[in-house]
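One structure is given below, encoded as structure tokens.
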There are 2 protein chains.
Amino acid sequence: MNEITVCIVDDNRDLRLALEEIIGMSDGYQCIGTMSTPKEAMEKIPKLCPDVVLMDINLNSDESGIDCVRELKPKVPRTNFMMCTVYEEDEKIFEALRAGASGYILKKTAPAKMLEAIKDLHEGGAPMSSQIARKVVFTFQHTPDPRNQQGIDDLSNREKEILELLSKGLMYKEIAAELYISQETVRKHVYHIYEKLHVNNRVAAVNRFFGREAL
Amino acid sequence: MNEITVCIVDDNRDLRLALEEIIGMSDGYQCIGTMSTPKEAMEKIPKLCPDVVLMDINLNSDESGIDCVRELKPKVPRTNFMMCTVYEEDEKIFEALRAGASGYILKKTAPAKMLEAIKDLHEGGAPMSSQIARKVVFTFQHTPDPRNQQGIDDLSNREKEILELLSKGLMYKEIAAELYISQETVRKHVYHIYEKLHVNNRVAAVNRFFGREAL
DNA sequence: ATGAAAATACCACTAAAGTGGTATTGGATG
DNA sequence: CATCCAATACCACTTTAGTGGTATTTTCAT
């Protein structure tokens, strides 16, 4: 059967044990590891690859829970991170979501609701208050639409690679060095990229790359 | 006392009347207008400036409820738009949020919950399902952080203006024409912009402008 | 296996961007 | 009032970008 595997990262021993027990006792959930520091989490979580990580947002450490998520998420992209916090600290929660977390719960939440939130998270939801959702929506609204990336898929892989470097502001010379090819080849690739995207300069190409409107 | 003023846009007469009655009967809520077409909404809503608009997502018209929000929101930025939909049509809801709506409700929602959602919306929340929230969060995570706009505020207004045009991919010549100044002046402004932002080419400057990482 | 597309490379040329200097004006600020 | 700065303008020069041509090799699908 498919239990939801969970790890807990919290420097408070009592809370850690309490959470572990709640999860361990519940059907359909399994606690496969607990950690008390970001360092420990950085080591163990990539090996355990849990479905869900409950991460204290305020770890007493040189590294916050938020930073820990930022570093871990790319390494275990299929793991969902749920932040645990005592108060509704909007700014920190917002930060954590940006860093790669997908939801949060208050520590005072009742066990049943907590398990429900974990399930929700695991099934593709993002448990959060309506207020936080609004902040996220606001940012989202003022963001370019990635579907405006017209023509990007017509590019070959090499061309996409070059466009990416181009978009970082590198010169032909630098791109050539980076890819171990001649500057003239880069130039030619760029020439084709422009043709395919119907643009005629770097900035326009980069804007397309980032899904911003052409002119 | 401060009642929440509401407008309803829906082409179904029965539903419109039902909603109007629910809202009208409830303490703290006031329905100040109903409209059945996007056209009508475009005319009346800017005059009424309601706190909240309930907008049917699937209007039977040449213009959808989503497009209607897209056009109206900039005109009445302090009005919050709530989409009304029969099913959980993820894609459409997502679209509507991008277009400027701040939440949605299902039409089958019980009156009490509906009023609660309207209140939540008006108080700065964004009522939506956890699944939709997750989609929004995902997009948000893959978006640059506007706080990375380091150095932009050191620019003079003119310089910001020029950076904006630069970021659209215009040439010096075009910017000069746009602003009725000489190309050499543009060149000089850009020179100063680069100095202030510690960059040395357009793409890097544009990346800074859009809050993306320097190198 | 053969033809198409992609990746590589080089060349010649034009256009645009970037560097850095000088200089004038008008407004703000001490 | 003196001074600083933003905005304007012009110049000379170097570097980089963009256009468009040819040509070879690899890769991949028909």
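Note that the coordinates shown come from a computational prediction; the quantities given were computed from them, not determined experimentally. In what follows, chains carry the letters A, B, and so on, assigned in the order in which the sequence lines appear, proteins first and then strands, with residues in each chain numbered from 1.
In this entry the distance linking CD1 of A:Ile162 with P of C:dA7 reads 8 Å, nearest Å. Distance A:Leu163 CG to C:dA7 P: 13 Å, rounded to the nearest Å. Spacing between atom OH of B:Tyr194 and atom C1' of C:dT19 amounts to 12 Å, rounded to whole angstrom units. Between the C1' atom of C:dT19 and the NE2 atom of B:His192 lies a distance of 12 Å, rounded to the nearest Å. Between the CG atom of B:Leu166 and the C1' atom of C:dA16 there is a distance of 12 Å, given to the nearest Å. One interatomic measurement links the two molecules: CD1 of A:Ile193 to P of C:dA6, which rounds to 12 Å at whole-angstrom precision. Atoms CG (B:Asn200) and C1' (D:dT16) sit 11 Å apart, rounded to a whole Å. In this structure, B:Lys160 atom NZ and D:dA6 atom C1' are separated by 14 Å, rounded to whole Å.
In summary, B:Arg187 and B:Glu184 engage in a salt bridge, as defined by a charged side-chain N under 4.0 Å from a carboxylate O. We find that A:Asp56 and A:Arg16 are not joined by a salt bridge, their nearest charged nitrogen and carboxylate oxygen being 4.0 Å or further apart.
With axes fitted over five pairs at each extremity, the angle between the ends of the helix from C:dA1-D:dT30 to C:dG30-D:dC1 is 60° (10° resolution).
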Any N/O pairs under 3.5 Å between the protein and nucleotides 26-29 of chain C? List them or say none.
none

Any N/O pairs under 3.5 Å between the protein and nucleotides 20-24 of chain C? List them or say none.
from	atom 1	to	atom 2	distance (Å)
C:dG21	N7	B:Lys188	NZ	3.4
C:dG21	O6	B:Lys188	NZ	2.8

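Among residues two or more places apart in sequence or in another chain, the salt bridge (charged side-chain N to carboxylate O under 4.0 Å, His left out) test is passed with B:Glu43 by B:Lys39. Every side chain to side chain contact (heavy atoms under 4.5 Å, CB included) that B:Ser130 has, sequence neighbours left out, goes to A:Asp120, A:Pro127. With sequence neighbours left out, A:Glu123 forms a salt bridge (charged side-chain N to carboxylate O under 4.0 Å, His left out) with A:Lys119. By the salt bridge (charged side-chain N to carboxylate O under 4.0 Å, His left out) test, B:Glu159 is found to be paired with B:Lys196, residues two or more places apart in sequence or in another chain being considered. Residues satisfying the ring-ring contact (aromatic ring centres under 6.0 Å, His included) criterion with A:Tyr191, sequence neighbours excluded, are absent altogether. With sequence neighbours left out, A:Phe94 forms a ring-ring contact (aromatic ring centres under 6.0 Å, His included) with B:Phe140. Residues satisfying the salt bridge (charged side-chain N to carboxylate O under 4.0 Å, His left out) criterion with A:Glu161, sequence neighbours excluded, are A:Arg158.
Put simply, the side chain of B:Tyr104 never gets that close to the backbone of B:Glu88: no donor and acceptor are under 3.5 Å apart. The main-chain N or O of A:Asp51 is found under 3.5 Å from a side-chain atom of A:Thr5 such that the two form a donor-acceptor pair. Side-chain atoms of A:Gln141 come within 3.5 Å of backbone N or O of B:Ala101 as a donor-acceptor pair.
Geometrically, A:Arg202 does not engage A:Phe209 in a cation-pi contact, judged by NZ or CZ lying under 6.0 Å from the ring centre and within 45° of the ring axis.
Here A:His189 reaches the OP1 or OP2 of C:dT8: one of its side-chain N or O atoms lies under 4.0 Å away. Between A:Ser156 and C:dA7 there is a side-chain N or O to OP1 or OP2 distance below 4.0 Å.
Distances were taken from every side-chain heavy atom of B:Arg202 (C-beta onward) to each of C:dT8, C:dA17, D:dA7; the shortest belongs to C:dA17.
If A:Thr185 and A:Lys196 are placed on DNA chain C by their nearest nucleotide, the residue sitting closer to the 5' end is A:Lys196. In this structure, A:Asp154 and B:Met171 both approach DNA chain C, and ranking their closest nucleotides by distance from the 5' end singles out A:Asp154.
Taken residue by residue, residues 172-183 of chain A places heavy atoms nearer than 4.0 Å to DNA chain D at A:Tyr172, A:Lys173.
Pairs of residues two or more places apart, or lying in two chains, that qualify as side chain to side chain donor-acceptor pair (under 3.5 Å) and include a residue from residues 63-86 of chain B are A:Arg134-B:Asn80, B:Ser64-B:Asp67, B:Asp67-B:Arg70, B:Thr85-B:Glu89.
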